[in-house]
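Hydrogens, waters and symmetry mates are skipped; everything else that's a heavy atom, side chains included, is used.
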Amino acid sequence: MSDLASASSPSPAPVEKQPWWSQMTRYHWVVMILCCLGWATDCFNQQLFTIVKSPAIAELMNLPEGDPQVGKYAGMATALMLIGWATGGIFFGIWADKYGRVRIMLLSLVVFTVFTGWSGSLHDLNWFLLFRFLAGLGAGGQFAVCATILAENLANRPRIVASGIMQCSAVIFNVFAALLTMGIAALAMAGTLSGATWRYAFMLGYLPLILFLFNWKCLREPEKWVKAKQESDAGGRKTGSLRELFGEKTICYRVVMGMLLAAIGIIGFWGIMMFAVDLNRSIFRRNALTEIGVQTEGVAAADLQKIIHEQTPENQMSIKKQVENMGALTSIMINLGSCVGMFLFAMVIDFFGRRWTFTIFQSLSILSVLLVFLKTSTVLEVLLYCPLMGFSIGALLTGYTIYFPELFPTRLRSTAVSFCYNAGRYISAGGAAVFGLLTSVVFADTAEPFRWAGAVMSPIFILGIIIIWLMPETKGKPLPE
(Lines give C-alpha, C1' and ligand atoms only; values in the text may rest on other atoms or scores of the structure.)
Protein backbone atom coordinates (compact mmCIF):
# COMPACT_ATOMS: atom_id res chain seq x y z
CA MET A 1 0.00 0.00 0.00
CA SER A 2 2.77 2.37 0.89
CA ASP A 3 4.54 1.45 -2.36
CA LEU A 4 1.38 2.23 -4.31
CA ALA A 5 0.97 5.57 -2.57
CA SER A 6 4.58 6.38 -3.21
CA ALA A 7 4.28 5.49 -6.87
CA SER A 8 1.16 7.60 -7.37
CA SER A 9 2.52 10.68 -5.59
CA PRO A 10 4.03 13.28 -7.91
CA SER A 11 7.78 13.55 -7.44
CA PRO A 12 9.07 16.95 -6.44
CA ALA A 13 10.43 19.11 -9.22
CA PRO A 14 14.22 19.23 -9.52
CA VAL A 15 15.74 22.17 -7.68
CA GLU A 16 16.86 23.82 -10.92
CA LYS A 17 13.26 23.74 -12.20
CA GLN A 18 11.74 25.33 -9.10
CA PRO A 19 11.13 29.11 -8.90
CA TRP A 20 14.19 30.85 -7.52
CA TRP A 21 12.27 32.32 -4.58
CA SER A 22 11.24 28.84 -3.37
CA GLN A 23 14.88 28.26 -2.40
CA MET A 24 14.97 31.38 -0.20
CA THR A 25 14.60 31.25 3.60
CA ARG A 26 13.62 34.25 5.70
CA TYR A 27 17.29 34.94 6.48
CA HIS A 28 18.16 34.72 2.78
CA TRP A 29 15.69 37.53 2.11
CA VAL A 30 17.27 39.60 4.91
CA VAL A 31 20.72 39.04 3.39
CA MET A 32 19.55 40.00 -0.09
CA ILE A 33 17.73 43.14 1.06
CA LEU A 34 20.61 44.44 3.19
CA CYS A 35 23.23 43.67 0.54
CA CYS A 36 21.06 45.47 -2.01
CA LEU A 37 20.74 48.49 0.28
CA GLY A 38 24.46 48.49 1.05
CA TRP A 39 25.42 48.64 -2.62
CA ALA A 40 22.50 50.95 -3.49
CA THR A 41 23.41 53.59 -0.90
CA ASP A 42 27.02 53.42 -2.07
CA CYS A 43 25.86 54.20 -5.62
CA PHE A 44 23.41 56.82 -4.32
CA ASN A 45 26.32 58.79 -2.89
CA GLN A 46 28.39 58.48 -6.06
CA GLN A 47 25.41 59.56 -8.15
CA LEU A 48 25.06 62.72 -6.10
CA PHE A 49 28.66 63.53 -7.04
CA THR A 50 28.05 62.76 -10.73
CA ILE A 51 25.09 65.13 -10.95
CA VAL A 52 26.58 68.12 -9.11
CA LYS A 53 30.34 67.80 -9.63
CA SER A 54 30.50 70.43 -12.38
CA PRO A 55 28.57 73.21 -10.55
CA ALA A 56 30.50 72.39 -7.36
CA ILE A 57 33.89 72.68 -9.04
CA ALA A 58 32.78 75.79 -10.95
CA GLU A 59 31.89 77.54 -7.68
CA LEU A 60 35.04 76.42 -5.90
CA MET A 61 37.17 77.66 -8.82
CA ASN A 62 35.08 80.82 -9.23
CA LEU A 63 34.63 80.01 -12.93
CA PRO A 64 31.56 79.55 -15.16
CA GLU A 65 30.42 75.94 -15.40
CA GLY A 66 31.18 75.69 -19.13
CA ASP A 67 34.81 76.75 -18.73
CA PRO A 68 37.21 74.05 -20.04
CA GLN A 69 39.11 74.13 -16.73
CA VAL A 70 35.95 73.03 -14.94
CA GLY A 71 35.71 70.04 -17.29
CA LYS A 72 39.36 69.25 -16.67
CA TYR A 73 38.99 69.23 -12.88
CA ALA A 74 35.67 67.37 -13.10
CA GLY A 75 37.58 64.60 -14.89
CA MET A 76 40.32 64.80 -12.24
CA ALA A 77 37.80 64.56 -9.38
CA THR A 78 36.20 61.52 -11.02
CA ALA A 79 39.62 59.94 -11.52
CA LEU A 80 40.58 60.51 -7.87
CA MET A 81 37.30 58.98 -6.72
CA LEU A 82 37.97 55.91 -8.88
CA ILE A 83 41.54 55.61 -7.57
CA GLY A 84 40.23 55.81 -4.02
CA TRP A 85 37.49 53.32 -4.90
CA ALA A 86 40.11 50.92 -6.27
CA THR A 87 42.47 51.30 -3.32
CA GLY A 88 39.76 51.00 -0.69
CA GLY A 89 38.14 48.11 -2.51
CA ILE A 90 41.35 46.10 -2.52
CA PHE A 91 42.07 46.65 1.16
CA PHE A 92 38.47 46.17 2.28
CA GLY A 93 38.27 43.01 0.17
CA ILE A 94 41.38 41.55 1.81
CA TRP A 95 40.14 42.51 5.28
CA ALA A 96 36.75 40.91 4.55
CA ASP A 97 38.52 37.57 3.93
CA LYS A 98 40.66 38.01 7.02
CA TYR A 99 38.29 39.59 9.56
CA GLY A 100 34.75 38.96 8.34
CA ARG A 101 32.38 40.10 5.61
CA VAL A 102 29.83 41.91 7.77
CA ARG A 103 32.11 44.04 9.94
CA ILE A 104 34.08 45.24 6.91
CA MET A 105 30.86 46.00 5.07
CA LEU A 106 29.87 48.28 7.98
CA LEU A 107 33.25 50.02 8.13
CA SER A 108 33.12 50.70 4.41
CA LEU A 109 29.63 52.17 4.71
CA VAL A 110 30.66 54.62 7.43
CA VAL A 111 33.70 55.87 5.52
CA PHE A 112 32.01 56.67 2.20
CA THR A 113 28.96 58.17 3.93
CA VAL A 114 30.84 60.57 6.18
CA PHE A 115 33.18 61.94 3.51
CA THR A 116 30.40 62.39 0.95
CA GLY A 117 28.21 64.32 3.38
CA TRP A 118 31.13 66.38 4.64
CA SER A 119 31.95 67.46 1.06
CA GLY A 120 28.91 69.75 1.15
CA SER A 121 30.59 72.07 3.64
CA LEU A 122 33.90 72.51 1.80
CA HIS A 123 35.13 75.79 0.30
CA ASP A 124 38.46 74.79 -1.20
CA LEU A 125 39.01 72.82 -4.42
CA ASN A 126 41.99 70.87 -3.07
CA TRP A 127 39.99 69.68 -0.05
CA PHE A 128 37.13 68.78 -2.38
CA LEU A 129 39.44 66.61 -4.50
CA LEU A 130 40.89 64.97 -1.36
CA PHE A 131 37.42 64.16 -0.02
CA ARG A 132 36.49 62.59 -3.37
CA PHE A 133 39.44 60.25 -2.91
CA LEU A 134 38.52 59.47 0.72
CA ALA A 135 34.86 58.86 -0.12
CA GLY A 136 36.06 56.55 -2.88
CA LEU A 137 38.12 54.57 -0.35
CA GLY A 138 34.98 53.67 1.57
CA ALA A 139 32.84 53.13 -1.50
CA GLY A 140 35.27 50.54 -2.85
CA GLY A 141 34.47 48.06 -0.10
CA GLN A 142 30.77 47.61 -0.76
CA PHE A 143 30.65 45.81 -4.09
CA ALA A 144 33.06 42.97 -3.37
CA VAL A 145 31.75 42.35 0.14
CA CYS A 146 28.06 42.48 -0.83
CA ALA A 147 28.63 40.24 -3.87
CA THR A 148 30.57 37.78 -1.72
CA ILE A 149 27.94 37.70 1.04
CA LEU A 150 25.25 36.95 -1.56
CA ALA A 151 27.36 34.25 -3.20
CA GLU A 152 28.12 32.49 0.09
CA ASN A 153 24.58 32.53 1.47
CA LEU A 154 22.33 31.80 -1.54
CA ALA A 155 22.01 28.80 -3.84
CA ASN A 156 23.02 29.21 -7.48
CA ARG A 157 19.74 30.31 -9.10
CA PRO A 158 18.67 32.68 -6.29
CA ARG A 159 22.22 34.10 -6.27
CA ILE A 160 22.08 34.98 -9.97
CA VAL A 161 18.67 36.65 -9.67
CA ALA A 162 19.66 38.41 -6.43
CA SER A 163 22.77 39.76 -8.17
CA GLY A 164 20.55 41.34 -10.80
CA ILE A 165 18.25 42.73 -8.12
CA MET A 166 21.26 44.11 -6.23
CA GLN A 167 22.38 46.07 -9.26
CA CYS A 168 18.80 47.19 -10.01
CA SER A 169 18.43 48.50 -6.47
CA ALA A 170 21.52 50.63 -7.02
CA VAL A 171 19.91 52.09 -10.14
CA ILE A 172 16.70 52.86 -8.26
CA PHE A 173 18.71 54.76 -5.69
CA ASN A 174 20.55 56.57 -8.49
CA VAL A 175 17.19 57.77 -9.79
CA PHE A 176 16.25 58.70 -6.22
CA ALA A 177 19.43 60.79 -6.02
CA ALA A 178 18.53 62.56 -9.27
CA LEU A 179 14.97 63.27 -8.09
CA LEU A 180 16.22 64.63 -4.79
CA THR A 181 18.68 66.85 -6.64
CA MET A 182 15.87 68.16 -8.84
CA GLY A 183 13.78 68.81 -5.72
CA ILE A 184 16.60 70.76 -4.10
CA ALA A 185 17.04 72.83 -7.27
CA ALA A 186 13.29 73.57 -7.36
CA LEU A 187 13.31 74.68 -3.71
CA ALA A 188 16.29 76.93 -4.40
CA MET A 189 14.55 78.47 -7.42
CA ALA A 190 11.51 79.16 -5.25
CA GLY A 191 13.66 80.86 -2.64
CA THR A 192 13.01 78.22 0.03
CA LEU A 193 16.69 77.26 0.20
CA SER A 194 19.58 79.69 0.15
CA GLY A 195 23.10 79.02 -1.07
CA ALA A 196 24.48 76.60 -3.65
CA THR A 197 22.25 73.60 -4.37
CA TRP A 198 25.22 71.25 -4.76
CA ARG A 199 26.02 71.63 -1.05
CA TYR A 200 22.59 70.35 -0.03
CA ALA A 201 22.93 67.47 -2.49
CA PHE A 202 26.20 66.30 -0.94
CA MET A 203 24.78 66.57 2.57
CA LEU A 204 22.16 64.01 1.57
CA GLY A 205 25.10 61.62 1.53
CA TYR A 206 24.80 61.25 5.31
CA LEU A 207 21.48 59.39 4.94
CA PRO A 208 22.94 55.86 4.47
CA LEU A 209 24.27 55.93 8.04
CA ILE A 210 20.78 54.71 9.01
CA LEU A 211 21.58 51.42 7.30
CA PHE A 212 24.50 50.82 9.69
CA LEU A 213 22.12 49.95 12.53
CA PHE A 214 20.14 47.39 10.52
CA ASN A 215 23.23 45.63 9.14
CA TRP A 216 24.85 45.48 12.57
CA LYS A 217 21.77 43.86 14.14
CA CYS A 218 20.59 41.52 11.38
CA LEU A 219 23.56 40.09 9.47
CA ARG A 220 25.90 37.29 10.54
CA GLU A 221 29.05 35.99 8.93
CA PRO A 222 28.47 33.36 6.18
CA GLU A 223 29.07 29.78 7.32
CA LYS A 224 31.42 29.16 4.39
CA TRP A 225 33.68 31.99 5.53
CA VAL A 226 33.54 30.88 9.19
CA LYS A 227 34.67 27.40 8.15
CA ALA A 228 37.46 28.74 5.92
CA LYS A 229 38.62 31.06 8.71
CA GLN A 230 38.70 28.22 11.25
CA GLU A 231 40.79 26.11 8.88
CA SER A 232 43.13 29.04 8.30
CA ASP A 233 43.56 29.66 12.04
CA ALA A 234 44.27 25.96 12.53
CA GLY A 235 47.21 26.15 10.15
CA GLY A 236 45.43 25.52 6.84
CA ARG A 237 45.49 27.65 3.69
CA LYS A 238 45.31 31.32 4.60
CA THR A 239 42.28 33.53 3.99
CA GLY A 240 42.89 36.80 2.16
CA SER A 241 46.44 35.78 1.20
CA LEU A 242 47.99 37.85 -1.58
CA ARG A 243 50.75 35.27 -1.90
CA GLU A 244 48.20 32.58 -2.76
CA LEU A 245 46.21 34.97 -4.94
CA PHE A 246 49.15 35.69 -7.21
CA GLY A 247 51.24 32.60 -6.50
CA GLU A 248 48.83 30.07 -7.97
CA LYS A 249 48.92 30.27 -11.77
CA THR A 250 45.25 29.64 -12.51
CA ILE A 251 43.97 32.04 -9.87
CA CYS A 252 46.48 34.73 -10.87
CA TYR A 253 45.43 34.49 -14.53
CA ARG A 254 41.75 34.84 -13.61
CA VAL A 255 42.46 37.84 -11.37
CA VAL A 256 44.39 39.68 -14.10
CA MET A 257 41.83 38.95 -16.81
CA GLY A 258 38.94 39.79 -14.48
CA MET A 259 40.60 43.08 -13.62
CA LEU A 260 40.89 43.99 -17.32
CA LEU A 261 37.29 42.96 -18.01
CA ALA A 262 36.04 45.08 -15.11
CA ALA A 263 38.15 48.03 -16.23
CA ILE A 264 36.35 48.10 -19.60
CA GLY A 265 32.91 48.27 -17.99
CA ILE A 266 33.96 50.82 -15.38
CA ILE A 267 35.56 53.04 -18.03
CA GLY A 268 32.30 52.75 -19.92
CA PHE A 269 30.27 53.62 -16.83
CA TRP A 270 32.36 56.36 -15.19
CA GLY A 271 34.68 57.42 -18.01
CA ILE A 272 32.04 57.67 -20.76
CA MET A 273 28.40 57.18 -19.74
CA MET A 274 28.33 59.48 -16.72
CA PHE A 275 29.74 62.32 -18.83
CA ALA A 276 26.50 62.20 -20.82
CA VAL A 277 25.07 64.31 -17.98
CA ASP A 278 27.63 67.03 -18.75
CA LEU A 279 27.07 66.58 -22.49
CA ASN A 280 23.35 67.25 -22.22
CA ARG A 281 23.84 70.13 -19.79
CA SER A 282 26.05 71.69 -22.46
CA ILE A 283 23.66 70.92 -25.34
CA PHE A 284 20.62 72.34 -23.59
CA ARG A 285 22.51 75.38 -22.38
CA ARG A 286 23.01 76.16 -26.05
CA ASN A 287 19.40 75.25 -26.88
CA ALA A 288 18.11 77.55 -24.14
CA LEU A 289 20.05 80.46 -25.64
CA THR A 290 18.65 79.68 -29.09
CA GLU A 291 15.11 79.71 -27.68
CA ILE A 292 15.53 83.29 -26.47
CA GLY A 293 16.87 84.39 -29.87
CA VAL A 294 20.62 84.23 -29.27
CA GLN A 295 22.76 82.96 -32.16
CA THR A 296 25.07 80.18 -30.96
CA GLU A 297 25.98 78.36 -34.16
CA GLY A 298 29.75 78.01 -34.49
CA VAL A 299 30.38 79.38 -30.98
CA ALA A 300 32.86 77.31 -28.96
CA ALA A 301 31.67 75.91 -25.64
CA ALA A 302 34.13 78.06 -23.69
CA ASP A 303 32.85 81.27 -25.34
CA LEU A 304 29.23 80.39 -24.64
CA GLN A 305 29.58 81.43 -21.01
CA LYS A 306 30.42 85.02 -22.01
CA ILE A 307 27.17 85.18 -23.94
CA ILE A 308 25.19 83.85 -20.97
CA HIS A 309 26.65 86.50 -18.65
CA GLU A 310 25.41 89.19 -21.03
CA GLN A 311 21.79 88.02 -20.63
CA THR A 312 19.24 89.45 -18.23
CA PRO A 313 18.98 87.87 -14.76
CA GLU A 314 15.61 86.38 -15.74
CA ASN A 315 17.07 84.73 -18.83
CA GLN A 316 20.08 83.49 -16.88
CA MET A 317 17.76 81.91 -14.33
CA SER A 318 15.69 80.30 -17.10
CA ILE A 319 18.83 78.87 -18.74
CA LYS A 320 20.13 77.55 -15.43
CA LYS A 321 16.81 75.84 -14.65
CA GLN A 322 16.67 74.12 -18.04
CA VAL A 323 20.30 72.99 -17.78
CA GLU A 324 19.87 71.53 -14.29
CA ASN A 325 16.64 69.76 -15.23
CA MET A 326 18.21 68.22 -18.33
CA GLY A 327 21.20 67.03 -16.32
CA ALA A 328 18.89 65.31 -13.86
CA LEU A 329 16.64 63.93 -16.64
CA THR A 330 19.69 62.45 -18.39
CA SER A 331 20.70 60.72 -15.17
CA ILE A 332 17.19 59.34 -14.67
CA MET A 333 16.94 58.01 -18.23
CA ILE A 334 20.37 56.35 -18.03
CA ASN A 335 19.51 54.73 -14.74
CA LEU A 336 16.09 53.51 -15.86
CA GLY A 337 17.72 51.85 -18.84
CA SER A 338 20.41 50.41 -16.57
CA CYS A 339 17.78 48.90 -14.28
CA VAL A 340 16.17 46.99 -17.16
CA GLY A 341 19.54 45.90 -18.55
CA MET A 342 20.88 44.74 -15.21
CA PHE A 343 17.86 42.58 -14.48
CA LEU A 344 17.67 41.20 -18.01
CA PHE A 345 21.37 40.28 -17.91
CA ALA A 346 20.69 38.11 -14.85
CA MET A 347 17.72 36.49 -16.59
CA VAL A 348 19.56 35.49 -19.78
CA ILE A 349 23.10 34.72 -18.61
CA ASP A 350 22.30 31.08 -17.86
CA PHE A 351 20.68 30.71 -21.28
CA PHE A 352 23.42 32.27 -23.43
CA GLY A 353 26.33 31.58 -21.09
CA ARG A 354 28.79 34.08 -19.64
CA ARG A 355 30.85 34.69 -22.77
CA TRP A 356 28.03 35.31 -25.22
CA THR A 357 26.02 37.47 -22.80
CA PHE A 358 28.98 39.77 -22.17
CA THR A 359 29.65 39.90 -25.93
CA ILE A 360 26.09 40.92 -26.77
CA PHE A 361 25.91 43.70 -24.18
CA GLN A 362 29.37 45.11 -24.97
CA SER A 363 28.48 45.25 -28.67
CA LEU A 364 25.31 47.19 -27.80
CA SER A 365 27.42 49.50 -25.65
CA ILE A 366 29.46 50.67 -28.66
CA LEU A 367 26.33 51.46 -30.67
CA SER A 368 24.53 53.24 -27.82
CA VAL A 369 27.52 55.46 -26.92
CA LEU A 370 27.81 56.62 -30.53
CA LEU A 371 24.07 57.41 -30.64
CA VAL A 372 24.15 59.41 -27.40
CA PHE A 373 27.31 61.38 -28.02
CA LEU A 374 26.96 62.02 -31.76
CA LYS A 375 23.19 62.21 -32.28
CA THR A 376 21.54 63.64 -29.15
CA SER A 377 20.29 67.22 -29.50
CA THR A 378 16.60 67.14 -28.48
CA VAL A 379 14.60 66.02 -25.45
CA LEU A 380 13.13 63.15 -27.48
CA GLU A 381 16.62 61.88 -28.32
CA VAL A 382 17.58 62.05 -24.66
CA LEU A 383 14.53 59.91 -23.86
CA LEU A 384 15.40 57.39 -26.58
CA TYR A 385 19.18 57.06 -26.58
CA CYS A 386 20.18 57.55 -22.94
CA PRO A 387 18.12 54.57 -21.67
CA LEU A 388 19.68 52.39 -24.40
CA MET A 389 23.17 53.36 -23.26
CA GLY A 390 22.26 52.71 -19.63
CA PHE A 391 20.71 49.36 -20.64
CA SER A 392 23.86 48.08 -22.34
CA ILE A 393 26.65 49.50 -20.16
CA GLY A 394 24.88 49.22 -16.81
CA ALA A 395 24.10 45.54 -17.43
CA LEU A 396 27.83 44.73 -17.40
CA LEU A 397 27.92 45.48 -13.66
CA THR A 398 25.44 42.66 -13.02
CA GLY A 399 27.71 40.43 -15.05
CA TYR A 400 30.64 41.14 -12.72
CA THR A 401 28.48 40.47 -9.65
CA ILE A 402 27.52 37.06 -11.02
CA TYR A 403 30.72 36.03 -12.79
CA PHE A 404 33.60 37.04 -10.52
CA PRO A 405 32.56 35.01 -7.41
CA GLU A 406 32.32 31.95 -9.69
CA LEU A 407 36.03 32.12 -10.48
CA PHE A 408 37.60 31.87 -7.01
CA PRO A 409 37.65 29.64 -3.86
CA THR A 410 36.01 30.77 -0.59
CA ARG A 411 39.25 31.58 1.24
CA LEU A 412 40.22 34.10 -1.47
CA ARG A 413 36.83 35.04 -2.90
CA SER A 414 36.40 38.54 -1.45
CA THR A 415 40.08 39.38 -2.03
CA ALA A 416 39.96 38.18 -5.63
CA VAL A 417 36.61 39.81 -6.45
CA SER A 418 37.83 43.09 -4.97
CA PHE A 419 41.01 42.91 -7.05
CA CYS A 420 39.06 42.20 -10.23
CA TYR A 421 36.53 44.95 -9.68
CA ASN A 422 38.63 47.54 -7.89
CA ALA A 423 42.09 47.13 -9.38
CA GLY A 424 40.28 47.63 -12.68
CA ARG A 425 39.38 51.06 -11.36
CA TYR A 426 43.02 52.14 -11.48
CA ILE A 427 42.88 51.63 -15.21
CA SER A 428 39.41 53.14 -15.47
CA ALA A 429 40.56 56.24 -13.56
CA GLY A 430 42.84 56.86 -16.51
CA GLY A 431 39.78 56.64 -18.75
CA ALA A 432 37.99 59.40 -16.82
CA ALA A 433 41.12 61.56 -16.87
CA VAL A 434 41.50 60.99 -20.64
CA PHE A 435 37.89 62.04 -21.18
CA GLY A 436 38.57 65.23 -19.21
CA LEU A 437 41.66 66.00 -21.31
CA LEU A 438 39.80 65.31 -24.55
CA THR A 439 37.12 67.84 -23.61
CA SER A 440 39.44 70.50 -22.15
CA VAL A 441 42.38 70.28 -24.58
CA VAL A 442 41.91 68.17 -27.73
CA PHE A 443 38.34 69.24 -28.57
CA ALA A 444 38.18 72.43 -26.47
CA ASP A 445 37.65 74.68 -29.51
CA THR A 446 34.70 72.72 -30.86
CA ALA A 447 31.07 73.59 -30.20
CA GLU A 448 30.44 70.43 -28.15
CA PRO A 449 33.72 68.87 -26.87
CA PHE A 450 31.84 66.11 -25.03
CA ARG A 451 30.46 64.72 -28.30
CA TRP A 452 33.83 63.95 -29.82
CA ALA A 453 35.37 62.74 -26.56
CA GLY A 454 32.62 60.13 -26.13
CA ALA A 455 32.86 58.99 -29.76
CA VAL A 456 36.64 58.59 -29.57
CA MET A 457 36.39 56.42 -26.45
CA SER A 458 33.52 54.17 -27.61
CA PRO A 459 35.68 51.42 -29.22
CA ILE A 460 37.03 50.46 -25.76
CA PHE A 461 34.29 47.81 -25.57
CA ILE A 462 35.88 45.84 -28.42
CA LEU A 463 38.72 45.04 -26.04
CA GLY A 464 36.16 43.78 -23.52
CA ILE A 465 34.75 41.35 -26.08
CA ILE A 466 38.22 39.95 -26.73
CA ILE A 467 38.94 39.57 -23.00
CA ILE A 468 35.77 37.61 -22.12
CA TRP A 469 36.65 34.97 -24.74
CA LEU A 470 40.02 34.49 -23.06
CA MET A 471 38.30 33.67 -19.75
CA PRO A 472 36.60 30.43 -18.59
CA GLU A 473 32.90 29.68 -19.17
CA THR A 474 31.34 29.00 -15.74
CA LYS A 475 27.75 28.31 -16.79
CA GLY A 476 26.26 25.46 -14.73
CA LYS A 477 29.34 25.02 -12.54
CA PRO A 478 29.23 25.28 -8.69
CA LEU A 479 31.20 27.88 -6.76
CA PRO A 480 34.76 26.60 -6.20
CA GLU A 481 35.50 25.75 -2.58
Side-chain angles (χ1 to χ4, degrees), residues 36-57 74-89 92 108-120 128-147 166-181 198 201-209 211 262 265-278 327-328 330-332 334-335 338-339 342 390 393-394 396-397 400-401 421-422 424-425 428-429 431-432 435:
C36 287
L37 288 175
W39 178 231
T41 53
D42 181 315
C43 294
F44 170 84
N45 278 20
Q46 307 321 313
Q47 189 70 16
L48 292 175
F49 163 73
T50 299
I51 295 172
V52 300
K53 66 179 184 296
S54 291
I57 290 172
M76 185 182 297
T78 303
L80 284 170
M81 182 191 70
L82 291 171
I83 291 170
W85 208 331
T87 305
F92 281 117
S108 165
L109 186 148
V110 170
V111 173
F112 78 73
T113 299
V114 169
F115 284 109
T116 298
W118 198 349
S119 297
F128 182 84
L129 296 175
L130 175 62
F131 273 44
R132 274 298 89 209
F133 172 77
L134 294 174
L137 283 177
Q142 286 295 297
F143 173 81
V145 178
C146 290
M166 186 176 100
Q167 292 293 357
C168 289
S169 66
V171 170
I172 292 169
F173 271 63
N174 284 346
V175 174
F176 184 44
L179 292 173
L180 286 176
T181 304
W198 66 267
F202 273 119
M203 289 178 183
L204 291 173
Y206 284 123
L207 289 176
L209 280 175
L211 184 60
I266 300 167
I267 288 173
F269 196 92
W270 287 104
I272 302 176
M273 186 168 73
M274 287 297 103
F275 281 97
V277 174
D278 298 292
T330 300
S331 177
I332 291 171
I334 287 173
N335 283 291
S338 295
C339 187
M342 288 170 173
I393 298 178
L396 299 176
L397 303 184
Y400 305 145
T401 311
Y421 196 72
N422 293 295
R425 290 187 184 279
S428 66
F435 198 105

Does a side-chain heavy-atom distance below 4.5 Å link [X] with [Y]?
{"X": "Leu134", "Y": "Val111", "result": "no"}
{"X": "Gln47", "Y": "Asn335", "result": "yes"}
{"X": "Arg132", "Y": "Phe49", "result": "yes"}
{"X": "Tyr421", "Y": "Leu397", "result": "yes"}

Say whether, by atom type as modelled, one donor and one acceptor occur between the side chain of [X] and the main chain of [Y] under 3.5 angstrom.
{"X": "Ser338", "Y": "Val171", "answer": "no"}
{"X": "Thr113", "Y": "Val110", "answer": "no"}
{"X": "Trp85", "Y": "Ala139", "answer": "yes"}
{"X": "Ser169", "Y": "Met166", "answer": "yes"}
{"X": "Thr330", "Y": "Val277", "answer": "no"}

Can you measure from [atom1] ([X]) to [atom2] ([Y]) and round to the nearest 0.5 angstrom?
{"X": "Leu48", "Y": "Leu180", "atom1": "CG", "atom2": "CG", "value": "7.5 Å"}
{"X": "Thr41", "Y": "Phe176", "atom1": "OG1", "atom2": "CZ", "value": "11.5 Å"}
{"X": "Cys339", "Y": "Ile334", "atom1": "SG", "atom2": "CD1", "value": "14.0 Å"}
{"X": "Thr116", "Y": "Met81", "atom1": "OG1", "atom2": "CE", "value": "9.5 Å"}
{"X": "Phe173", "Y": "Cys36", "atom1": "CZ", "atom2": "SG", "value": "9.5 Å"}
{"X": "Gln142", "Y": "Leu37", "atom1": "CD", "atom2": "CG", "value": "10.5 Å"}

message: Minimum heavy-atom separation for Trp198 and Gly120, please, with both atom names.
response: CZ3-CA, 4.4 Å

message: If I compare all heavy atoms of Leu396 with all of Gly265, which pair ends up nearest, and what's the gap?
response: CD1-CA, 4.1 Å

message: Students often mix this up, so state it plainly: with edges at 30° and 60°, are the rings of Phe275 and Phe435 parallel, tilted or perpendicular?
response: parallel

Mind listing the side-chain donor-acceptor pairs of residues 201-209 below 3.5 Å, one per line with the distance, residues two or more places apart or on another chain?
from: Tyr206; atom 1: OH; to: Trp118; atom 2: N; distance (Å): 3.2

task: Examine Lys53 relative to Phe131 and say whether NZ or CZ is less than 6.0 Å from the centre of the six-membered ring and inside a 45° cone about the ring axis.
output: no

